[in-house]
Each structure stands twice: as structure tokens, then as C-alpha cells.
Amino acid sequence: MNENHAAPSHFIRQLIQADLDANRHPQGITTRFPPEPNGYLHIGHAKSICLNFGIAREFSGRCFLRFDDTNPDRESPEFVSAIKQDVQWLGFDWEDRLRHASDYFEQLYGFAVELIKAGHAFVCDLSAEEIRTTRGTLTTPGSNSPFRDRSAEENLDLFSRMRDGEFAEGSRVLRAKIDMSSPNIHLRDPALYRIRYQTHHNTGDQWCIYPMYDFTHPLSDAIEGVTHSLCTLEFEDNRALYDWVLEHVSAPARPYQTEFSRLSLEYTVVSKRLLTALVSQQVVSGWDDPRMPTLSGMRRRGFPPEAIVDFCGRIGVTRNQQNVELSVLENCVREALDPSVPRAFSVLRPLKVVIENYPDDQEEHFVAQNHPNDASLGERHVPFCRELFIEQDDFMENPPGKFFRLAPGREVRLRYAYLVTCTDVIHDENGNVAEVRCTYDPETRGGNAPDGRKVKGTIHWVSAKHAQDATVRLYEPLFNDPEPKFSSEDNLADILNPNSCVTIEQAKIEPSLVSAKPGACFQFERLGYFCVDPTSTEVTPVFNRAVSLRDTWQRVKNQ
RNA sequence: UGGGGUGUAGCCAAGUGGUAAGGCACCGGAUUUUGAUUCCGGCAUUCCCAGGUUCGAAUCCUGGCACCCCAGCCA
């Protein structure tokens, strides 16, 4: 992590500091993270979690985890428990501050009654369609509902009968009475309650009217004593309504909303609708598919939570449109993993090497460091014999100038083992390289030549006799376009990267890797960071590549 | 063409009238039994544009331009 860097000073931090300096919050500050339980949390939510929980921690305040569950049509307990798990995984603790907006339904109803009594809300019998057409447009004002001037008594009666289930779904709504000609469309008599005969995951069949977001949110904030209600920029226009609600009922506190820009990450999409589509159309294996930008996907991919928290700190909090390059996240993952993760050998695309002058029945083992820069991670033994596997990429018959791996007549170091020289190449019937023959120099045990000759190339390897097969999955971005655009009519296949997941069924792994437990992470030397998948077994180990190593050769080769 | 926002390097981002931090990326170079890591060095005479105020402007004023959000009984 970046303890060396001072916490960046963003505008919300400054705002809170100024409020504290002015002694506006003698009881301390309170924030909340308010997800709707209608999907899994993604990297965009992580930004909000780090902001809300982080700022509370930093200023010795409190942060609520509040499920914003006012729409029973799309919410479920599965999502509730997944969200809780993800928040904890990131390292945040809501202690005794777990809430649901639905916990407040009765109080909310009371506030609605207050509004009606004061003449600030009315029951409207217009259909959804009629409301839409009378709302006006961006440039023209709307017109008043014919039901706008009902008496408070009639409204009270109607609203209570709405609650009692006397009316059909969609037949009536409770609306705020504000201003149908407001240039801010959110103020054109917005709906506050709608009728929905749907079992709610928390309140069951207790209610058939459900409050809307714009009514619920400010009041939930007030009930919890939230001082700083932080949300994303698309709610900016809603702020006028947020304030209106708080100013027209006897709210127990006066919270204020501040908006920041939402995160978008190159090559990924954080729209719940599209993520849901990817899952339901089985483009991915589930919400926790390692290609998903969900927290559960990134966890399965092998991203440590500290990397995500670090990332959220690095990108900052502003009101600018934020489109962050993938390399920032990848760098955070590498930086989190590199110092702590043990190294191991694995060959993804095996090429057989026979050491011609190494006795057929001989075996030995070499001591390998688990971490080149940290002896405390210990060492392990790696077996060696006459037949090995090396990476196909590490051999070229006609190499370009800068290539310093194995080639006919060239000498390379087998890491921790011997220097070997390629003496012959055997081709299959199609002319492809099928096997490479080498000789080894017995004087170079461990990898150094007594005569001091320099060998530029060092490659990894695995003993053919001792290696085990494993499944290895390599990932690329799910989308082709750095800024994926989509609409519901789009054929997903057209925008998806066909190589987003490449599965290698018969990678060769060194013996020490066989018993690795799900969740364990390793650096496969020269290949990247790999994490054991939850489905892995000793019979069929499964590794996911979290991220590759930085690869200068790839760049040299491509130029 | 209504309302609300935002413009600082390829991508993020500090900067709050005193002469452009930092990260990522990129480009060198050193060390290296991972073409990794680490280390050193480079990378905005200029802050969307044009005027103006000022000894002095990314910061203040005026006028443009570009982009984003809003017309769910979603959140």
C-alpha cells in the first residue's frame, strides 16, 4: 500500500474538515453506504465504500450500511448477504449500524401523512402514462394533475386506503405538490409512493405501498443522523427534492447531500443492468466470474482487497468525469502481491526438452527461493531429471536479435538448475517444433559457470517426470472497446472479447503447487500472479491468473 | 433549444492571486539467476479558447467552445 503517500486532499475531505472546524457537528460526523440489494457490488461501489467508511474512520465518525430496499420487484436476500460479505472483505465494519430503508417504512408513512396534512402532497389517479405526458419536456413546462387540489381529508382517506390494499397496482400514487413548471424536472410533482403487491424480502406482505427513492433517502439519512450524504453526480438534480422533503416534514435531523463523480474503468462496465444481463445470458459463469468487475469476481480472480482499497485512494474523489485506465488497477494488484506472494514454476504451453548428456535414471533437486527479495518466505526443493518442459515461447528456431532465450546453438540458464545448450530440434510431421535436445554443463549446478561466462537468458522449467497437470485460466478484458457502449438491443457477442478467458487444460506445475488451497496466491515466475480457484482440487488444480507480470520483452518484440 | 454540472500531460489528480505536486502510462539508464522487482533520470514555459483586471492569473471578471447528467409509479 502507499503509506508513504499522504492521503490526497479531495474536496469532500476539505468540506468535512471545514464543517468540523466550524463546530457544526459536535457529535462527530456520520455517513452511510446505501446499496440497493438488486445485484452484486462492483468496483464503482468500492469507491463509494472506501469514501464513506474511510472518511468516517478518518474523522472518528460513524458509517451505516443501509440497504436501500424500497423496490421489492428487484431485490433479494441473496444480494443482501453478498453485499455484506463484500463490504467486510474490503476491510470495513458497520458494527451495530446495519439498517434497511424498509426498517423505516412506518416512520416514512407518518412523514407522508404530515406532508398531506400540510397540503404538500396529494393522491393522484392519473395513470403512469398520463403522468408522463403531463410532465412536460426538458424545454416545456408540465401541467397540473386534475387531482392536485383534493382536500387534505380526501387525500388522507385515499392514502390510508392505498395502504389497506383497496386499489389496484398502478391506479394511484402519492405525489408531492411542488411545481409543474419547474425547470428542474424532479420538482414537477414527483411520485412519493406507489402501489405494489409484491412480497418484500424484509417486510414480507406487510406493505402494498412502497416509498420512492427521493422520499426515502433524505428521511433515512435524517433518521440515522447522517451528516454527510455522499452520492454520485447523477443525483445532483435530485438534491433540490432531497432538501424539499427535509424542509417540509418534521425530520429529526438535517443532513446535506454532496455529489462526486462515479468511476468508470477502461474495458469494463459498471451498469447493474448490463452486469445482470451478462449473468443471466450466461456470458459469464456468474456474478463471481473472474472477468466481472464485481468485488466477488475480483476476489476470485485473485485481487487482494488492499489492492482495491489502494486503487480507490489513488484515483481520488472529484466531480470530473473519471475514466481510469486499467493499468492503474493492475499496478495496484502487482504492488500488493509482489512483496508477499511465494514464487513457483509452472509451464503453460509445454515444449519438451531432453538433456542428452544427463543420465536417464538420474534425478536431483535444487533449492529455490520462495521470494528473491525476502528470505523469510523460505525455500523449496524443485526436482530435476533428463526430460523437462519449458515454455514454447522460450524457444525460437530463428530468433530475432534481442531474443535471449533458447535457440539452436544458444546457451541459457534453467533457473536454479544448470546452463544448457541447444544442440538439436526435432519437428513433427507438420514441421512444428516437437522437441528440443540440449546438453547441460555439469559444472554449472545451481546456475553459475565456474569460468565466469555470462548467460543473459534465464528461463523457468518443470521436470517432466514430476510435474502435474493443472487447469490454468488466463484473462483479458471482457469487452473489446475501452469504453463499451451497449443498449438492450445490442447483441452482446459483438462487443465481447472472444479471448477474455483462455483455459489451458494441461499446464504443467511443479509438485509443491499441487496441494495449494483455494484462495492461495503465487507468482508463477515470468508469467504472472495466479490464485487457486475455489473449484480446485489436488486431482485437478485450477489456477486463475490475476494479472501478468510487466513484460518488457513483449514491447520489444512488438516494435 | 430548459435546468444542473465539468474542463490542468495519454489516463487519474494536487493546486484556493506569488510563478504547474504526486500516481499510472511512456522513454532512457544502473543493478538483477524472473526481459520481474528495486534504483536513478526524462516527461505541461503552461492549465478548453478569446479578451480583460493585476507588479503578478490555472486561480478573479466577461464572452465563447466542448463534454456529461435530468422528461421511471428505478435507484
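The shown structure was predicted, so the numbers you read here are calculated from the model rather than taken from an experiment. Just so we're on the same page: letters track the sequence lines, and every chain starts at 1.
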For A/Arg132, which contact category applies under a 4.0 Å heavy-atom criterion: base, sugar-phosphate, or nothing?
-> sugar-phosphate
Using atom CG of A/Leu158 as one end and atom P of B/C73 as the other, report the distance to the nearest whole Å.
-> 19 Å
Looking at the side chain of A/Asn331, which of B/A25, B/G72, B/U32 is the nearest nucleotide?
-> B/A25
Return no unless some side-chain N or O of A/Thr458 is found under 4.0 Å from OP1 or OP2 of B/G35.
-> no
Can you tell me how far P of B/A75 sits from CZ of A/Phe79, to the nearest Å?
-> 16 Å
Using a cut-off of 4.0 Å on non-hydrogen atoms, how would the nucleic acid contact of A/Tyr210 be classed: base, sugar-phosphate, or nothing?
-> nothing
Just call it for A/Thr139: base, sugar-phosphate, or nothing, with non-hydrogen atoms closer than 4.0 Å on any strand.
-> base
Go through the structure and list residues passing ring-ring contact (aromatic ring centres under 6.0 Å, His included) with A/Tyr213, not counting sequence neighbours.
-> A/His217, A/Phe235
Using a heavy-atom cut-off of under 4.0 Å over every strand shown, decide if A/Arg555 touches base, sugar-phosphate, or nothing.
-> sugar-phosphate
Could you check whether A/Gln14 gets within reach of a base, just the sugar-phosphate, or nothing at all, counting any heavy atom under 4.0 Å?
-> base
Which part of the nucleic acid does A/Glu169 contact within heavy-atom distance under 4.0 Å: base, sugar-phosphate only, or nothing?
-> nothing
Does B/G72 fall in syn (glycosidic angle within 90° of 0) or anti?
-> syn
Check the angle between the aromatic planes of A/Trp207 and A/Tyr109 and answer parallel, tilted or perpendicular using the 30° and 60° thresholds.
-> tilted
How would you label the contact of A/Pro372 with the nucleic acid (heavy atoms, under 4.0 Å): base, sugar-phosphate, or nothing?
-> base
Touch check for A/Ala191, heavy atoms < 4.0 angstrom, all strands: base, sugar-phosphate only, or nothing?
-> sugar-phosphate
Quick note, A/Leu549 side chain, CB onward, closest among B/U37, B/A25, B/U34 is B/U34
Value in whole Å for how far the P atom of B/G3 lies from CG of A/Asp179 | 14 Å
Regarding the side chain of A/Asp237, the nearest nucleotide among B/A71, B/A14, B/G3 is B/G3
According to the 5.5 Å centroid and 30° plane-angle thresholds, does A/Tyr213 stack upon the nucleobase of B/A75?
-> no
Distance col, row A/Asn323:CG vs A/Glu266:CD, nearest 0.5 angstrom, shows 6.5 Å
Within the structure shown, what part of the strands sits under 4.0 Å from A/Asn373 by heavy-atom distance: base, sugar-phosphate, or nothing?
-> base
What about A/Gln554: does its side chain form a donor-acceptor pair under 3.5 Å with the base of B/G35?
-> no
Any luck finding a side-chain donor-acceptor pair between A/Asp214 and A/His186 under 3.5 Å?
-> no
Nearest-nucleotide pick for A/Thr318, side chain only, options being B/A13, B/C69, B/G72 = B/A13
Nearest listed nucleotide, side chain of A/Arg526, among B/C73, B/G4, B/U34 | B/U34
Does B/C11 have a Watson-Crick or wobble mate here (both distances under 3.5 Å), and if so which one?
-> B/G23
Using a cut-off of strictly less than 4.0 Å, decide whether A/Arg239 has a side-chain nitrogen or oxygen near OP1 or OP2 of B/G3.
-> no
If we take the C1' atom in both B/A14 and B/A58, what is their distance in whole Å?
-> 12 Å
Does A/Arg319 place a side-chain N or O at less than 4.0 Å from the phosphate oxygens OP1/OP2 of B/G7?
-> no
Within this structure, what is the NE2-to-P distance between A/His201 and B/A75, rounded to whole angstrom?
-> 12 Å
Taking only Lys NZ, Arg NE, NH1 and NH2, and the carboxylate oxygens of Asp or Glu, determine whether A/Arg194 and A/Asp73 approach each other closer than 4.0 Å.
-> no
Would you say a side-chain N or O of A/Asn320 is under 4.0 Å from OP1 or OP2 of B/U6?
-> no
Sticking with atom C1', work out how far B/G22 lies from B/A44, rounded to a whole angstrom.
-> 14 Å
Which part of the nucleic acid, if any, lies within reach of A/Ser327 when heavy atoms closer than 4.0 Å are counted: base, sugar-phosphate only, or nothing?
-> sugar-phosphate
For A/Gln322 and B/G5, what is the distance between atoms CD and C1' respectively, to the nearest whole Å?
-> 15 Å
Hey, does A/Lys272 reach any base, or is it just sugar-phosphate, or nothing, if we go heavy atoms under 4.0 Å?
-> nothing
A/Arg66 with A/Glu224: basic N within carboxylate O range, under 4.0 Å = yes
Could you tell me whether the side chain of A/Arg405 has a donor or acceptor atom within less than 3.5 Å of a complementary atom in the base of B/G35?
-> yes
Side chain of A/Arg343, base of B/U34: donor and acceptor closer than 3.5 Å?
-> yes
Integer-rounded Å distance: B/G72 P and A/Leu138 CG = 10 Å
What class does the angle between the rings of A/Phe522 and A/Phe543 fall in, given that below 30° is parallel, 30 to 60° is tilted and above 60° is perpendicular?
-> perpendicular
Shortest side-chain distance from A/Ala128, nucleotide among B/G2, B/G35, B/C73 = B/C73
Expressed in whole Å, how much space separates the P atoms belonging to B/U46 and B/C40?
-> 29 Å
Dump the intermediate steps for side chain to side chain donor-acceptor pair (under 3.5 Å) on A/Gln14 and A/Ser9, then the final yes or no.
-> CA-CA 7 Å; A/Gln14 291 170 354; A/Ser9 103; 2.9 Å; yes
If you look at every strand shown and take non-hydrogen atoms under 4.0 Å, does A/Gln321 touch a base, only sugar-phosphate, or nothing?
-> base
In terms of ring plane angle, is the pair A/Tyr440 and A/Tyr418 parallel, tilted or perpendicular, where the classes change at 30° and 60°?
-> perpendicular
Mate of B/A66 across any strand shown (Watson-Crick or G-U wobble, both atom pairs under 3.5 Å) is B/U6
Sticking with atom C1', work out how far B/G52 lies from B/G17, rounded to a whole angstrom.
-> 16 Å
Is any side-chain N or O of A/Asn238 closer than 4.0 Å to OP1 or OP2 of B/C70?
-> no
Between B/G72 and A/Arg135, is there an OP1 or OP2 to side-chain N/O distance shorter than 4.0 Å?
-> yes
Under 4.0 angstrom, heavy atoms only, what part of the nucleic acid is A/Asn323 near: base, sugar-phosphate, or nothing?
-> sugar-phosphate
Could you state the CD1-P distance from A/Ile185 to B/C74, rounded to the nearest angstrom?
-> 17 Å
If you look at every strand shown and take non-hydrogen atoms under 4.0 Å, does A/Val324 touch a base, only sugar-phosphate, or nothing?
-> sugar-phosphate
